[in-house]
Amino acid sequence: AAKVGGRGTYRFFQPAMTSLAVERLNFEMQLRGAVANGELELFYQPKISLDSGVACGVEALVRWHHPTLGMIPPVEFIPVAEATGIIDALGDWVLEEACRQLRAWRLAGLGTIKIAVNVSARQLQQSDLPEYIASLAQKYEISACDLEVELTESVLMANPEEISGVLSRLRGIGVLVAIDDFGTGYSSLAYLRRLPIDVLKIDRSFVMNADRDESDGQVVKLILGLGSALQLAIVAEGVETEAQAAFLKSCGCTTAQGYLYARPQPAAQLETWLRKHAGPAAASS
Ligand code: C2E
Ligand code: MG
Ligand code: MG
Ligand code: MG
């Protein structure tokens, strides 16, 4: 277009590009301030034991309450946070907030609900993550055994040797390790067998049609088989219908997460939900 339109087009494009760059910089500055200004909140979505219907844990999912734009979902700011290094402060905040909430739920009589936190490549590569989590567990008087980290295959496989060391140290303090969105990346079976991993979360894209599409159903079964071969727990994500849940159960899947059971929600709301759905141990202790 620049060639066809000549200089006129060029002049037309210049301010547009500049304003985009300004907008991006603005967004970045606002995101940088979001942690300090208390604009972030953790929502929580339960993980359900399919036999009992009881919640066995929750996943923390960050939300940004932007002062003018309203609530921004993580897909729109986590990549920016990762690209700019803001993820360091943001990730630290998420971990601390999850630990604080775990302690608050414990004091509120909710017993031993586990919390899973999503972590980015950069957080794992900075490698003081195990020490940081250990210090948080001490500060909030909780057990690191009640914490789980979720990372994607791409994070794992980009640098398996280095990440492996960090994961071993996380496991050493009791933190569980889950591979998120499993099946969408390029995991090497050799590494999956060797790496310190506890859980595979089957990506929603397979779960979505598993009960209706033969090959998606086979992929789900394959991952469940892989889980039992490697002694990994399997969680199905994005379960939205009873038919999907029934299919998963029939294949021997034990744990699921999705809108069918509960949407991600603020802590106070989830606390009410948990009181209705937590197991007897969690409800009474
Ligand atoms: P994820 O960890 O795979 O989380 C699952 C996403 O699927 C969540 O989106 C959740 O709200 C959504 N979901 C859950 N059940 C269903 C369902 O039944 N149907 C559908 N359609 N969606 C469902 P959300 O909260 O927007 O988060 C998106 C992604 O952002 C997460 O994917 C995770 O990769 C990332 N993320 C969220 N919080 C954090 C965080 O604190 N730190 C980092 N590094 N990443 C985060
Ligand atoms: Mg996750
Ligand atoms: Mg996922
Ligand atoms: Mg995902």
Side-chain angles (χ1 to χ4, degrees), residues 31 34-35 39-48 55 57-65 70-101 114-126 129 132-133 136 147-156 176-185 187 197-211 223 233-245 247-248 255-267 269-270 273:
L31 181 56
V35 181
E39 293 168 12
L40 299 182
E41 181 181 10
L42 291 186
F43 275 24
Y44 298 90
Q45 185 183 36
K47 298 178 187 180
I48 311 294
V58 299
E59 177 178 3
L61 294 155
V62 70
R63 299 291 182 263
W64 180 10
H65 299 283
M71 192 163 79
I72 306 181
V75 285
E76 287 177 32
F77 65 85
I78 290 292
V80 179
E82 286 172 344
T84 53
I86 297 172
I87 196 69
D88 296 344
L90 195 155
D92 283 357
W93 181 85
V94 167
L95 280 163
E96 173 148 17
E97 177 60 15
C99 291
R100 192 199 59 73
Q101 188 60 64
K114 284 183 190 288
I115 297 189
V117 174
N118 295 282
V119 293
S120 297
R122 202 173 143 122
Q123 287 176 274
L124 289 164
Q125 278 154 3
Q126 296 223 328
L129 189 67
Y132 180 60
I133 291 180
L136 289 175
L147 296 172
E148 183 173 330
V149 293
E150 297 190 4
L151 60 146
T152 60
E153 285 173 88
S154 54
V155 168
L156 191 66
L176 291 176
V177 176
I179 305 303
D180 210 345
D181 304 339
F182 187 77
T184 60
S187 283
I197 296 165
D198 305 285
V199 183
L200 300 179
K201 296 188 76 179
I202 308 176
D203 191 64
R204 183 168 72 85
S205 61
F206 301 113
V207 172
M208 202 157 50
N209 298 313
D211 57 315
I223 298 175
I234 305 291
V235 178
E237 42 173 38
V239 178
E240 294 183 351
T241 68
E242 292 288 357
Q244 291 163 356
F247 175 84
L248 289 163
T255 313
Q257 201 179 0
Y259 294 171
L260 175 63
Y261 309 103
R263 291 194 174 243
Q265 49 198 294
Q269 218 173 301
L270 189 85
W273 189 95

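Counting convention: from 1, in listed order, for ligands and their atoms alike.
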Discussion item. Within 2.8 Å of the Mg ion (ligand 3), is there any N, O or S atom belonging to Asp203?
Written reply: no
Item to complete: With sequence neighbours left out, write down each residue that passes salt bridge (charged side-chain N to carboxylate O under 4.0 Å, His left out) with Asp92, or none if nothing qualifies.
Response: none
Fill in: Proximity to ligand 1 by part of Pro264, non-hydrogen separation under 4.0 Å
side chain
Practice prompt. Would you name the heavy atoms of Thr152 and Ile179 that are closest together and state the gap between them?
Written response: C-CG2, 4.4 Å
Practice prompt. Please work out whether the ring planes of His65 and Phe43 are parallel, tilted or perpendicular, with thresholds of 30° and 60°.
Written response: tilted
Practice prompt. Can you sort out which atoms of ligand 1 are near Val62, meaning under 4.0 Å from one of its heavy atoms?
Written response: 38 (N), 39 (C), 40 (C), 41 (O)
Discussion item. Using every non-hydrogen atom in the two residues, find where Asp203 and Ser205 come nearest and quote the distance to one decimal.
Written reply: OD2-OG, 2.7 Å
Discussion item. Quick check: of its N, O or S atoms, which one does Asp181 have closest to the Mg ion (ligand 3)?
Written reply: OD1
Discussion item. Keeping Gln269 on the side-chain end and Pro266 on the backbone end, is there a donor-acceptor pair under 3.5 Å?
Written reply: no
Worksheet item: Between atom CG of Asn209 and atom CZ of Phe247, what is the distance when rounded to the nearest 0.5 Å?
Response: 11.0 Å
Worksheet item: Taking atom 24 (P) of ligand 1 as the point of reference, which of Pro74, Ala98, Pro79, Ala236 owns the nearest heavy atom?
Response: Pro74
Item to complete: Check each atom of ligand 1 against the heavy atoms of Gly258 and keep those under 4.0 Å away; list them by number with element.
Response: 15 (N), 18 (O)
Worksheet item: From Glu237 CD over to Thr255 OG1, what is the distance, rounded to the nearest 0.5 angstrom?
Response: 12.5 Å
Worksheet item: Donor-acceptor pair, Gln244 side chain versus Asp211 backbone, under 3.5 Å?
Response: no
Worksheet entry | Closest Asp180 atom to the Mg ion (ligand 3) [N, O or S only] | OD1
Worksheet item: Can a non-hydrogen atom of Lys201 be found less than 4.0 Å from any atom of ligand 1?
Response: no
Worksheet item: Just which atoms of ligand 1 are under 4.0 Å from any heavy atom in Val94?
Response: 41 (O)
Response to the item:
Within the 4.0 Å heavy-atom cut-off, what Asp180 brings close to ligand 1 is side chain
Worksheet, complete the sentence: Per residue Glu237, nearest N, O or S atom to the Mg ion (ligand 3) is named OE1
Item to complete: Report the part of Thr152 (side chain from C-beta onward, or backbone N, CA, C, O) that has a heavy atom under 4.0 Å from ligand 1; answer both or neither where that applies.
Response: neither
Discussion item. Just to verify, what does Glu150 make a salt bridge (charged side-chain N to carboxylate O under 4.0 Å, His left out) with, not counting sequence neighbours?
Written reply: Lys47, Lys201
Worksheet item: What's the shortest heavy-atom distance between Ala89 and Val35, and which atoms?
Response: O-CG1, 4.3 Å
Discussion item. So if I count the atoms of ligand 1 from 1 in the order they appear, which ones are less than 4.0 Å from some heavy atom of Gln45?
Written reply: 14 (C), 15 (N)
Worksheet item: Atoms of ligand 1 less than 4.0 Å from Ser120 heavy atoms?
Response: 44 (N)
Discussion item. Which heavy atom of Val155 sits nearest to which heavy atom of Ala121, and what is that distance?
Written reply: CG1-CA, 3.7 Å
Fill in: Nearest option to atom 22 (N) of ligand 1, as decided by whichever heavy atom of Phe182, Trp93, Tyr259 sits closest
Tyr259
Worksheet item: Going by heavy atoms, is Gln257 under 4.0 Å from ligand 1?
Response: no
Discussion item. Quick check on the Mg ion (ligand 3): does Glu150 put an N/O/S atom closer than 2.8 Å to it?
Written reply: no
Discussion item. Just checking: Glu59, one of its N/O/S atoms, less than 2.8 Å away from the Mg ion (ligand 2), yes or no?
Written reply: yes
Discussion item. Which of the numbered atoms in ligand 1 are under 4.0 angstrom from any heavy atom belonging to Glu240?
Written reply: 17 (C), 18 (O), 19 (N), 20 (C), 21 (N)
Worksheet item: Checking Glu96 side chain against Trp93 main chain: does a donor-acceptor pair fall under 3.5 Å?
Response: no
Worksheet item: Which part of Glu59 is near ligand 1, with near meaning a heavy atom under 4.0 Å away: side chain, backbone, both or neither?
Response: side chain
Worksheet entry | Shortest non-hydrogen contact from Gly183 toward Glu153 | N-OE2, 2.9 Å
Discussion item. With a cutoff of 4.0 Å, is Arg63 in contact with ligand 1, counting heavy atoms of the residue only?
Written reply: yes
Discussion item. Out of all atoms in ligand 1, which are within 4.0 Å of some heavy atom of Arg204? Include the element for each.
Written reply: 19 (N), 20 (C), 21 (N), 22 (N)
